[in-house]
Amino acid sequence: MSRQQDILTLPHDQIEAIQLEGVKKTVIKCYENVEFYKKSFDAAGFNPYEIESLEDLAKAPFTTKQDLRDNYPYGFFAVPLSEVKEIHMSSGTTGIATVGGYTDHDLEIWGDCFARGVEFANGGADDVMQVCYGYGLFTGGLGAHYGGVAAGCMTIPMSAGNTERQIRVMRELGTTILCCTPSYAMHIADTAIAMGLDPKKDFKLRAGIHGAEAFSDNFRADLEKKLDFKVLDVYGLTETMGPGVAIECWEQNGLHLAEDHFFAEIIDPDTGEVLPDGEWGELVITTIDREATPVVRYRTRDITRIIPGECACGRTHRRIDRLHGRTDDMLIIRGVNVFPSQIEDVMKTMPELSSWYVIELTTVAHLDRVTLKVEMEQGFDFDEIRQIERLQKELEAKLKTALSVGVKVKVVEPKSIPRSEGKAKRVIDLREGVN
Amino acid sequence: MIDQITVFLENSEGRLAALCRTLAWANINMRSLVIADTTDYGVVRIICDDPQRALDVLTAADYRAISTKVAAIGVPNEPGGLARLLAKLDELDQNIEYGYCFSLSGDMACDVLKISGAEEASAAAKAIEDAGFKLLKQEDIA
Ligand SMILES: [Zn+2]
């Protein structure tokens, strides 16, 4: 891992030099090998041979998820298919997936990037990593797996599902690092506790590397308490690689971007203008050394910001903040923008509620109606009905203040909100004229 | 004071039947079951022979169930039996959250009262006993 340590503390001007070299190569490679980029650069009047600074990249047009879909399956491949060793696809709600290709070199980089999570958790060869992200086309499983192997961990390829078996393996094989979605980690924790286990005594967990969905600080605190370990957030997306594009260090104050492999910009999602460090906007990524499917200015639709200043851990790679949600997670309710994470933040101020919720959108008399289904926390004394009514009213009032949208709160029975093994489904949109 | 099991149920078809089936399969005998409901959900209050086991069985079956201390007062199963108790409570100026009755045996009925607050509840229970009513224990129910 010494190779990693050197690169992670490289002075930032040297990182920028690597980035400039890489960005130059990427735009030329894309222009010369990918029909889409030839057309889009020409249409925008962008000359890929004239990049002199990283700021010059702002002249290049964006790449969107739709562009990738339109060129399914191989339109974005910049190398002959004979050089491609692996394929991943992101699930598309519209049916058409986007495809990412990986050469040997791309797979090695991926492993190295995710392995930084293990490094950030002060781990390595003595760790036992249990991967319960789904293995398959989804990048979570194999991405974490390659990272575990690259970091020298003993890596257990559990994939998702069969929670009781996950718990047995965790206990019997002495898992120290858990990799899965945060909601699945919470489900594992709740199930273990319900089975009568005491995670403090029965598990050897030290760290969890959890990503693929946004989670609040309160959710994290809850999970850390239940499993007696430290939770690190990991970010990534199939279109640029998979998990490992950015990972939180032990400081838990932002996710270090793998800046030697990715160049990040934050833009105003409405105007497309590049925003200065510190300002919230949409994350845009250009790959620096991706061979099979490089991308130029890919719009991730994820809302974050670059955290200004240096991290207390001493690593020099810039950090993105924990995600505020995705532009496509954003709900427009009666003309108001609402992120599910805002609802989660409000819920977390009320200890009577569990972490499970689902937002249901319907149309009543041509108007959007929002119903939030929540489960009560074990131990909440609901014997008197007015306690449940108070809980509902209090939550409704707090949501109204936080969102400026009226939400009807409905308390439901335990486990009536489905526990997911992959990404949690938080929103059910049944509105007329939507989807 | 005795233990009452309170269960939160959504108002959906078959939930109450499923609840009763779960208890029946565990061989738990209910002495009383009352439902307080709203449009969206109901709260089911159960007095049974083995409240601790009922709680365990329901929790294991993913019901949200809790155990609540309630006062159980034995009154003669005759006209005016309940009226005398309520008159006494009125006199004591006691705040009752809810109450219900069920018949215990041929000549005895049981009045269940929920009095808010642990201290108030035990003070009220004592006052009821001092007034000559019989306060029932868990054994009297089982
Ligand atoms: Zn750091």
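Residue numbering restarts at 1 for every chain, and letters A, B, ... go by the order of the sequence lines. These values consider heavy atoms only, across backbone and side chains, with no hydrogens, waters or symmetry-generated copies. Quantities reported herein were computed from a predicted structural model and do not represent experimental measurements.
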Salt bridge A:Lys408-B:Asp40, side-chain N to carboxylate O under 4.0 Å: yes
Using a 6.0 Å cut-off, check whether atom [atom1] of [X] has over 12 heavy atoms from anything other than its own residue.
X        : atom1 : result
B:Asn27  : CG    : no
A:Arg390 : CZ    : yes
A:Lys348 : NZ    : yes
A:Arg369 : CZ    : no

Minimum heavy-atom distance between B:Asp37 and A:Ile385, given as atom pair plus value: N-CD1, 4.5 Å
B:Phe8 portion near chain A, given a 4.5 angstrom heavy-atom threshold: both
Contacting moiety of B:Glu10, where chain A heavy atoms sit under 4.5 Å: both
Euclidean distance, A:Phe382 CZ relative to B:Ile66 CD1, rounded to 0.5 Å: 4.0 Å
Contact origin within A:Gln378 toward chain B - heavy atom pairs under 4.5 Å: both
Which portion of A:Gln392 sits near chain B, non-hydrogen atoms under 4.5 angstrom: side chain
B:Tyr41 vs A:Val412 side-chain heavy atoms within contact, under 4.5 Å: no
Side chain proximity check, B:Tyr98 to A:Asp383, heavy atoms < 4.5 angstrom: yes
Trace of the side chain to side chain contact (heavy atoms under 4.5 Å, CB included) decision for B:Arg64 with A:Glu413: CA-CA 7 Å; B:Arg64 179 64 82 234; A:Glu413 284 181 47; over 6 Å; no
